[in-house]
Each structure stands twice: as structure tokens, then as C-alpha cells.
> 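Here it is, the structure, as C-alpha cells.
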Protein chains: 2
Amino acid sequence: MTGGTPPETEAPGTEASSVRGRLLAAASRLFYARGINATGIDAVIAEAGVAKQSLYNTFSSKDELTRAYVTARHEEWLELYRARVAQADCPRDRVLAVVDAYLDHASGTYEHGFRGCGLLNAAAEFPAGSPGREAVRRHKEQVQSLIAGHLAETGSADPELAEHLAFLLEGAMSRAGLEGRPDLLLSARRLAAGMLDPRPDARRDAR
Amino acid sequence: MTGGTPPETEAPGTEASSVRGRLLAAASRLFYARGINATGIDAVIAEAGVAKQSLYNTFSSKDELTRAYVTARHEEWLELYRARVAQADCPRDRVLAVVDAYLDHASGTYEHGFRGCGLLNAAAEFPAGSPGREAVRRHKEQVQSLIAGHLAETGSADPELAEHLAFLLEGAMSRAGLEGRPDLLLSARRLAAGMLDPRPDARRDAR
DNA sequence: CGCTCGGTAGACCGATCAGTCTAGTGAGGG
DNA sequence: CCCTCACTAGACTGATCGGTCTACCGAGCG
């Protein structure tokens with residue numbers, strides 16, 4: 001019962017080969033594309049190519065699978081963000097790395113029907129004080145606090161600016177999902193960059 | 001077959017007394033609080049105090065009820081917006097009237113568990129190209145174009161600014177719903193007001 | 001009076017849901 | 001060799017889903 005998990009280089013059970021990994025990948029695709037409540041267990045196991053009992057050996061219920069989905073999506077985003085922030089070499093670019101992480105996420109899910117932020121969509125299906133909704137709330141708070149942290153690096157730690165950028169990014173993601181146009185995030189990136197540049201005028205430096 | 005509808009002072013069938021009105025009101029409460037897919041027909045008719053057959057005499061399917069819900073919510077928002085814009089006496093305040101309409105909506109649904117924009121939440125449950133999702137897309141486009149129209153009144157018609165304000169508002173609404181704090185919309189209103197004021201500096205005129 | 005008609009109450013239908021259970025298979029290790 | 005164990009395939013259960021159907025009620029009206 002000590003059950004040594006295999007040596008893990010990534011998050012436990014995210015490997016594409018394992019039952020758990022395939023279930024999470026399948027759930028991720030279907031939950032994102034169709035919504036959680038509209039996706040049956042049978043569809044998940046068919047997509048994963050896994051027996052029903054294997055699902056219930058791995059997750060105790062659909063609810064637990066749903067929680068794992070939310071957690072996994074949060075961590076995937078963090079991974080994208082870390083990769084982007086590592087490439088940025090000034091605080092300004094590190095703020096924009098947050099936007100870039102969303103852009104990466106969008107371009108990744110675009111081909112299969114872009115529907116905006118999977119976590120926000122999931123939250124829309126959770127009741128008002130539920131654990132899932134709280135998890136999404138914390139994710140969005142973390143996004144804002146990452147922005148605030150990078151702003152603090154610039155010396156001008158303005159919490160209002162962090163909130164402004166977080167709202168801007170969040171709204172752009174929603175609208176991009178509705179329009180099916182991930183490129184709306186580029187508009188948001190441009191607007192954010194404009195707010196970060198020291199020059200108060202000198203706008204309209206159209207690319 | 002000419003079927004004269006009764007004289008209507010408001011949208012047809014929105015009267016609180018009629019079967020259709022009670023069904024829409026009940027669906028509105030339940031769909032908003034629990035989500036659409038998670039709300040069964042039986043719950044709707046129980047909440048409305050109406051027989052099941054009456055629902056199917058009024059709407060041909062749950063899908064049609066859902067469409068009516070989306071339309072009604074859109075028109076309710078428009079009504080709040082019109083009332084607010086009528087009180088505003090300069091273009092700047094008319095832009096902010098769009099924010100105020102969301103604030104009114106938020107304070108209206110607060111007591112029963114505020115969960116953000118009902119239309120955006122509904123869209124999260126609709127598949128990628130569905131009519132319902134398109135309706136929400138058009139609603140959000142209209143919000144942005146209302147902002148753009150009021151900006152145009154000021155002479156400085158800046159489409160980027162309209163988009164920026166629309167994103168800001170949308171993101172604030174989502175975050176306010178996640179946090180259960182409608183007052184976050186007041187932050188967005190303050191930020192928007194700051195962007196509308198002619199002074200490029202002179203921020204931090206805290207209320 | 002008797003007929004129509006909008007409405008109610010609730011049984012009923014087939015489909016689908018989440019979840020359980022049984023039987024069987026195949027690889028790995030003693 | 002056989003035993004174990006993770007896994008598969010799929011039947012099965014009870015609940016719930018959206019939707020239909022029947023029976024009944026009562027107000028309005030000719």
C-alpha cells in the first residue's frame with residue numbers, strides 16, 4: 001500500500017501514456033469543447049480509450065475528475081507562463097509574459113474550437129461557493145498578483161494598474177472566446193504594452 | 001390564425017402574471033444560479049408554479065426556453081442601460097452609463113448569489129458555433145459599440161479606446177462574479193473614468 | 001345549460017446519466 | 001509454472017433527464 005509512484009519529471013499522473021494521463025487529456029478536450037455538465041462519463045472513457053472501471057479506480061467520482069481537470073488546467077497555464085517569463089528580460093516584458101501565456105493557451109486550443117478560458121467556462125458551471133469555483137477564483141487572483149509582482153519590479157508598484165491589466169486581460173480572453181478570434185488577445189497585449197510604456201502620449205505607433 | 005396578442009406595454013409575455021412571464025422569471029433565477037444544463041425542466045416548472053404541459057404549450061423545448069432566457073436577459077440589460085443613459089448629460093457619463101447598467105444588474109442579483117454576467121455564463125455552456133453563443137457574442141459586440149458611439153460624441157472617436165473599455169468592463173464583471181464582490185465593478189468604473197478624463201496625469205483623485 | 005379552452009396534476013416513455021459489478025485477459029514476477 | 005494485479009469489455013442499477021399523454025378542473029360564453 002506504500003505504492004511508490006513512478007519517478008516523475010512532470011506533475012504526477014500527467015504522462016500521456018498512463019491511464020490517469022489519458023483520462024485527464026480526454027476530459028480536458030471534452031470539458032473544454034462541450035462543457036462539463038454536458039459531457040458524460042462514457043464520452044470521456046471513449047475518448048481516452050480506457051475502461052469505465054479504470055476511471056473509477058483512478059478517480060472516485062466525476063466530481064473528482066472535474067477537480068483534477070481544473071487543477072491540471074491551472075498548472076498547464078502556469079507552465080506556459082513560466083516558459084514565457086523566463087524569456088523576458090525586463091519587468092515590462094514579464095508583465096506581458098502573462099498575456100503571452102494566455103496567447104499560447106489560445107493558439108493551442110484554437111484548432112479544436114477556441115472557446116476562451118477553460119477555467120472561467122468551468123466556473124460558470126459551478127455553484128456560487130463551490131470548491132471548483134473557489135479554485136478558479138484563486139487562479140485569477142494569482143494571475144493578477146503575478147502582474148502586480150512584475151509591476152513592483154519596476155518600482156512603480158501600482159495596485160490599481162495591476163487590477164486594470166488583469167481585468168483587461170480577462171475581458172479580452174472572454175471576448176476572444178466569444179468571437180472565436182484568439183487574435184483579440186493581441187489587441188489586449190498592445191493596449192497593455194501602451195499602458196506600460198513610460199511615454200504618456202506617443203500612442204498610435206501602429207505596428 | 002391572426003392571433004391578436006394582448007396590448008403590450010412591455011416585451012410580449014414578460015408580465016409577471018402570465019404563464020410565459022412566470023416561466024421566464026423562474027428560468028432566469030435558476031439558470032443564473034445553477035447554470036442551464038444543471039437545471040431540469042421539473043425545477044423550472046416547480047419554481048414557476050406551473051404545470052409541465054403549460055411549459056410545452058409556451059415553449060416547444062428546453063432549447064427554446066433557453067433561447068428566450070438569453071433574449072430576455074439581453075433586453076433586461078438594455079433596459080437598465082437606457083434608464084442610466086437617459087440620466088447622463090455628457091458623453092463621458094454616457095460611457096459610464098454602460099458600466100452603471102452592469103452595476104445595476106449586479107446589485108439586482110446580488111442577494112441570491114452573484115455569479116457575474118448571466119449571458120457570459122450561459123455562453124460557457126453553449127457549443128462553439130451555436131445560436132445561443134452567437135446571441136451572447138452579438139450582445140457583447142453591442143455593448144462595445146454603445147461605448148464606441150458615446151466616445152464618438154466626444155469627437156475623439158478612438159476604436160481602440162472603446163475596445164479597451166469593453167475588455168476592462170467584461171473582465172471586471174467576470175472577476176466580480178468569481179469573488180462574489182459586485183463592488184469590483186466600482187473599481188472598473190473608477191479606472192474607466194480615469195481613462196475618459198482629459199488630463200493625462202492628475203490621477204489618484206480618490207473619491 | 002353545455003361547450004370550449006387554458007390550465008393543472010401527474011403518470012408515463014425512452015434515453016441517458018453516474019456509478020457498480022462480473023468476467024475475462026495478458027504481462028510480469030515469484 | 002502459476003499467481004497477482006492492472007486493465008478491458010460490457011451488462012446492469014436506480015435516478016433523472018426532456019418530453020408526451022391522459023384525465024380533470026373551472027371560468028367564460030353562446
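Proteins come first, then strands; the chains are lettered A, B, ... in the order of their sequence lines, and each starts at number 1.
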> Whole angstroms only, please: what is the OH-P distance between B/Y56 and C/dT8?
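The distance from OH of B/Y56 to P of C/dT8 comes to 15 Å, rounded to the nearest Å.
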> Spell out yes or no: do the side chain of A/K62 and the base of C/dG19 have one donor N/O and one acceptor N/O closer than 3.5 Å?
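When only heavy-atom distances are counted, A/K62 does not reach the base of C/dG19 through any donor-acceptor pair under 3.5 Å.
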> Checking B/R73 against B/S28: is there a side-chain donor and acceptor pair closer than 3.5 Å?
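A donor-acceptor contact under 3.5 Å links the two side chains.
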> Please state how far atom CG in A/L23 lies from atom P in C/dA18, giving the value in whole angstrom units.
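The answer, rounded to whole Å, is 14 Å.
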> Identify which nucleotide among D/dG18, D/dT8, C/dG7 has an atom closest to any side-chain atom of B/I41, counting heavy atoms from C-beta outward.
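The nucleotide sitting nearest to the side chain is D/dG18.
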> Does any N or O in the side chain of B/R133 come within less than 3.5 Å of the main-chain N or O of B/A123, such that one atom is a donor and the other an acceptor?
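Answer holds: yes.
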> Name the orientation class of the two ring planes belonging to A/H150 and A/Y81 (parallel below 30°, tilted from 30 to 60°, perpendicular beyond 60°).
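Judged by the thresholds at 30° and 60°, the geometry between A/H150 and A/Y81 is tilted.
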> Base, sugar-phosphate, or nothing for B/S60, non-hydrogen atoms under 4.0 angstrom?
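Since no nucleic acid heavy atom lies under 4.0 Å of B/S60, the category is nothing.
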> Tell me the interatomic distance from B/D63, atom CG, to D/dG19, atom P, rounded to whole angstroms.
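In whole Å, D/dG19 P lies 8 Å from B/D63 CG.
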> How many Å lie between CG on A/D42 and P on D/dG10, as a whole number?
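Distance check: A/D42 CG to D/dG10 P gives 12 Å.
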> Of the listed nucleotides (C/dG19, D/dT8, C/dT8), which one gets closest to any side-chain atom of A/S61?
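Nucleotide nearest to A/S61's side chain: C/dG19.
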> Starting from P on C/dG7, measure out to CZ on B/R20 and report it in whole angstrom.
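About 13 Å, once rounded to whole Å.
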> How long is the span from the CG atom in A/L191 to the CD atom in B/E163, to the nearest 0.5 Å?
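With rounding to 0.5 Å, CG (A/L191) is 6.0 Å from CD (B/E163).
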> Heavy-atom nearest nucleotide on DNA chain D for B/N37 versus A/K52: which residue maps closer to 5'?
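Upstream on the strand: A/K52.
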